[in-house]
2 protein chains.
Amino acid sequence: MDDACTVNLTVRYLTKKWMLLIILELYKGSAHTRRFSDLRDSLDGITPKVLSERLKELEEEGILTRNVDATAFPVRAEYTLTASGLEIVDVIREIKRWALKWKIENIPCGKQDCKVCVL
Amino acid sequence: MDDACTVNLTVRYLTKKWMLLIILELYKGSAHTRRFSDLRDSLDGITPKVLSERLKELEEEGILTRNVDATAFPVRAEYTLTASGLEIVDVIREIKRWALKWKIENIPCGKQDCKVCVL
DNA sequence: TTGACCGTGCACGCATCATCCATGGTATAC
DNA sequence: GTATACCATGGATGATGCGTGCACGGTCAA
């Protein structure tokens with residue numbers, strides 16, 4: 001295993017805590033866009049600090065773009081999945097497919113990560 | 001996001017450090033089987049302690065089976081992917097496909113995680 | 001004026017992981 | 001027979017990642 005190989009590196013940051021769940025939340029937003037506080041409220045248990053860090057890392061990797069509307073009331077920061085970010089959802093879909101097949105205790109709950117969710 | 005949902009839980013342990021890379025190494029072994037010291041040597045940077053912990057977690061999740069040959073010289077512990085474990089490789093394949101498409105600096109290196117690898 | 005919301009970033013404490021070492025049993029080297 | 005190396009595992013101690021709590025500056029509503 002070569003530390004410089006792209007897939008190895010990709011696994012290392014894509015599997016950082018909250019990464020995939022953040023991408024999934026962005027995917028669920030209209031136009032694949034969500035605001036900071038919206039993400040914070042949707043991802044139960046995430047802290048603003050880590051969310052801020054992760055969004056910055058994802059922007060640096062070209063997985064999302066950050067748009068700040070400074071003219072607005074409280075400043076709005078909006079995050080949108082790029083074309084490459086959209087395709088990471090395929091990875092999450094594969095995880096869901098696996099979980100539904102092998103984790104039979106799964107039940108539909110009407111939320112993002114269940115049988116009836118958008119994936 | 002419901003903490004009890006299977007996909008959510010699945011993401012949380014599948015994205016723990018070393019998890020996917022361990023599964024990939026097992027997949028590469030003949031009969032999808034590898035010994036402890038073999039895994040330790042292949043996964044550059046992993047510590048024996050964490051490897052031992054991860055293998056235990058993966059066994060508890062039914063992703064691999066553990067076979068100990070106590071009659072052998074130094075005791076051999078062999079780990080083999082189960083049917084469900086084999087299908088997790090599809091997730092890794094999806095990550096590789098994404099990386100090859102969007103991370104153009106990737107180069108073939110003849111090792112597991114490059115264009116010419118087994119995935 | 002007061003308070004609430006927004007997105008960030010700091011200081012601090014805990015949980016996870018790395019580093020180093022120890023174990024018991026058996027093979028080979030000398 | 002003594003020494004040394006390998007094997008898989010687990011404990012003790014540091015380093016790093018992440019959670020907790022708090023504060024900021026700016027603008028709105030009450």
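Proteins get letters first, then strands, A, B, ... in listed order; numbering begins at 1 in each. Computed from a prediction, not measured in an experiment: that's the story for all the values here.
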### Query
Who pairs with B:Arg40 by salt bridge (charged side-chain N to carboxylate O under 4.0 Å, His left out), at least two apart in sequence or on another chain?
none
### Task
Go through the structure and list residues passing side chain to side chain contact (heavy atoms under 4.5 Å, CB included) with A:Asp38, not counting sequence neighbours.
A:Arg34, A:Arg35, A:Ser42
### Query
Would you say the side-chain atoms of B:Glu57 and B:Tyr13 include a donor-acceptor pair closer than 3.5 Å?
no
### Message
Tell me the interatomic distance from A:Arg40, atom CZ, to D:dC18, atom P, rounded to whole angstroms.
### Response
20 Å
### Message
Could you work out, with salt bridge (charged side-chain N to carboxylate O under 4.0 Å, His left out) as the rule, every residue matching A:Arg76, not counting sequence neighbours?
### Response
none
#### Entry: Length of the line joining B:Asp41:CG and D:dC6:P, which is rounded to integer Å
11 Å
### Task
Could I get the full list of side chain to side chain contact (heavy atoms under 4.5 Å, CB included) partners for A:Lys49, not counting sequence neighbours?
A:Thr47, A:Glu53
### Message
Closer than 4.0 angstrom, basic N to acidic O: yes or no for A:Arg66 and A:Glu78?
### Response
no
### Query
With respect to the phosphate group of C:dG7, does any side-chain polar atom (N or O) of A:Arg35 fall under 4.0 Å of OP1 or OP2?
yes
### Spacing of B:Leu55 atom CG relative to D:dG10 atom C1', expressed in whole Å
14 Å
### Task
Ignoring the backbone of B:Ser52, work out which of D:dA8, D:dG10, C:dG9 is nearest its side chain.
D:dG10
### Query
Under 4.0 Å between a side-chain N/O of B:Ser37 and OP1 or OP2 of D:dA8, yes or no?
yes
### Task
Take the protein atom CZ of A:Arg34 and the nucleotide atom C1' of C:dC6, then report the distance between them rounded to whole Å.
17 Å
### Message
Using whole Å, what does the distance between atom P of nucleotide D:dA8 and atom CG of B:Asp69 come to?
### Response
11 Å
### Message
Measure NZ/A:Lys56 against C1'/C:dT8 and give the value in whole Å, please.
### Response
10 Å
## Note on the structure
With B for base contact, S for sugar-phosphate-only contact and - for none (protein heavy atoms under 4.0 Å), nucleotides 13-22 of chain C reads ----SBB---
### Message
Going by side chain to side chain contact (heavy atoms under 4.5 Å, CB included), name the residues that satisfy it together with B:Arg93, two or more places apart in sequence or in a different chain.
### Response
B:Tyr27, B:Val89, B:Asp90, B:Leu119
### Message
What is the separation between atom CZ on A:Arg76 and atom P on D:dG25, rounded to the nearest whole Å?
### Response
23 Å
### Atom-pair distance (CZ on B:Arg66; P on D:dA8), nearest Å
10 Å
